[in-house]
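Written below as structure tokens is the structure these notes are about.
Note that ligands are numbered from 1 as they come in the structure, with each ligand's atoms numbered from 1 the same way. Scope of the values below: all heavy atoms of this structure, side chains included, with no hydrogens, waters or symmetry mates. Please read these numbers as outputs of a predicted model, since none were measured by experiment.
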Amino acid sequence: MRCPSFLDALDARRIVGHHLSLTQDAGRAHWRALPECPYGTPMSDLLPLTMAERLIRQAMTPFPVEAVPLEAAYGRVLRQAVHAERALPPYDRVILDGIAVAWRDGQTGWVLSGTQAAGHPPLTLDPGHEAALAVMTGSVLPRGADTVIPREDYRREGDTLILQKGVSPKRGQHIHPMGADCAAGAALLESGLILSPPEMAVLAANGISQPLVSAIPSIAVISTGDELVAPDAPVAPWQIRRSNDYAIAASLARRGLTRQTLLTLPDDLAILTLKLDEALDTHDAVVLSGGVSMGDFDFVPKVLAALGVQRIFHKVAQRPGKPFWFGIGKSGQPVFALPGNPVSALACCSRHVVPALLHAQGLNLPPRHVMLAAPLTPIATMTRFVPVRLGHDDQGRTLAYPCPMTTSGDFNRLGATDGLVTLPPGDTRLSAGTGLVFHAW
Ligand code: AMP
Ligand code: MG
């Protein structure tokens, strides 16, 4: 069913236009704009996962950039290139405590004439070879000196310093020359990486006190369903406790997407319209769960359309998560409407929502691959997501232990899992050892 090379060659932007006019005119919920595969195999009715990913990325605009105090930048996505403020080290730097001398072969004694501390302007060594200055780690090399002798290599008798037996210093030793690490202006950090401890040090060391980072989007996480009850409320036998919003909120928060509003709405057209309108007005992104399937009370696509959210697609060839709906609101906000089944919702969140939001923050994470620890069978016409627990083999390679679910609502046993692997559509059973793309929850 899949023709990746054909899909890759398509101009997806044209397809969006085509798809939208088709679906708006005909009011059809399914993806039908794709032509037949040129290799003779008919295309699936559903949008292939790779195309869904591409359409999301094309439709979303990057989140804006903001300057933040360096103290608040940890964990954020850097959105500027960083170059060396000056040559590093910026001066000939003494790398250990000792004495600085003008080296002469065979010399074994010096007279101490002063001390060069770190952070102080350079002293000048007396001319000739007799004088030595005490130097401290990190201090500038005194003018006229060319060699540093460590404390343990000489002994002190009054003001005289005598080389220990068996020690043979080399001219230029224990000095980290100016510019040895990098020249002024050298490229140090690229835009699009997460600021972790080393990058924080690079920013600080190069005088960037207000780095430019991606703004954290404000996200409305909305559950829909008349049956939903809060975790702390009494629950009738015909009701269920809402869990999707907590899982989705956690999945977003662990990626630094912490500006969230949680909301639960009933399957009521008027209330959904009012509240979704408000949510769209006040948030940079909306993540819904529930109400996107074929049920009589699945109002979400209808309400979103009425509120001017442009549907990019509805339904993707993936299991779990087929009813996934995606659109763009009037001010460009992405709207992800996920199916309500808890495994489907979380799978769609990890596989689509999180990567899309991170991409819009300017972050480009390479796909992570893991090795299957046990065989798995793909689905011929759809991408299959399988929850996995990660472990390691005796060579330290990451293994994925499948924890297949019986139904897409079977989430209570996901507790020990780390994320999901993606099985492309296919007819051939995947043996243990197969490499697959992994997405953490
Ligand atoms: P829906 O997509 O609205 O048809 O919901 C599919 C299934 O997911 C139903 O069994 C719902 O009760 C369940 N469900 C929907 N929303 C949630 C939620 N927030 N937490 C847990 N289960 C949910
Ligand atoms: Mg529902």
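The backbone N or O of Leu212 lies less than 3.5 Å from a partner atom in the side chain of Gln80, making a donor-acceptor pair. Judged by distance alone, with hydrogens and angles left aside, the side-chain atoms of Thr398 form no donor-acceptor pair with the main-chain N or O of Val370 at under 3.5 Å.
By the 6.0 Å contact criterion, OH on Tyr246 is enclosed, its count of non-hydrogen atoms from other residues, nucleotides or ligands being greater than 12.
Close approach to Ser223 involves these atoms of ligand 1, each under 4.0 Å from a residue heavy atom: 19 (N). Proximity to Arg242 (heavy-atom distance under 4.0 Å) selects the following atoms of ligand 1: 19 (N), 20 (N).
The protein heavy-atom contact nearest to atom 16 (N) of ligand 1 is Asn244 ND2, 3.5 Å. Scanning the protein heavy atoms around atom 4 (O) of ligand 1, the nearest turns out to be Asp298 OD1, 4.0 Å. Nearest to atom 5 (O) of ligand 1 among the protein's heavy atoms is Gly340 CA, 3.6 Å. Of all protein heavy atoms, the one closest to atom 1 (P) of ligand 1 is Gly291 N, 3.7 Å. The closest protein non-hydrogen atom to atom 6 (C) of ligand 1 is Asn341 N, 3.6 Å.
The closest side-chain donor-acceptor pair between Thr417 and Arg389, if any, does not fall under 3.5 angstrom. Ser218 and Asp284 form a side-chain donor-acceptor contact under 3.5 Å, judged by distance and modelled atom types alone.
Remark: distances from the non-hydrogen atoms of Pro342 to ligand 1 include one below 4.0 Å. Residue contacts with ligand 1 include Ser243, since one or more of its heavy atoms lies under 4.0 Å from the ligand.
Residue Glu227 has at least one nitrogen or oxygen atom sitting less than 3.5 Å from a nitrogen or oxygen atom of ligand 1, judged on distance alone.
Considering only residues two or more places apart in sequence or on other chains, His352 meets the ring pair (Phe, Tyr, Trp, His ring centres under 6.0 Å) condition with Phe324.
Within the 4.0 Å heavy-atom criterion, the part of Leu228 lying near ligand 1 is the side chain and not the backbone. Contact annotation: for Ile240 versus ligand 1, heavy atoms closer than 4.0 Å belong to the side chain alone.
The nearest pair of heavy atoms linking Ser251 to Val354 is OG-CG2, 3.6 Å.
Using a 4.5 Å cut-off on side-chain heavy atoms (C-beta onward), His176 and Val94 make no contact.
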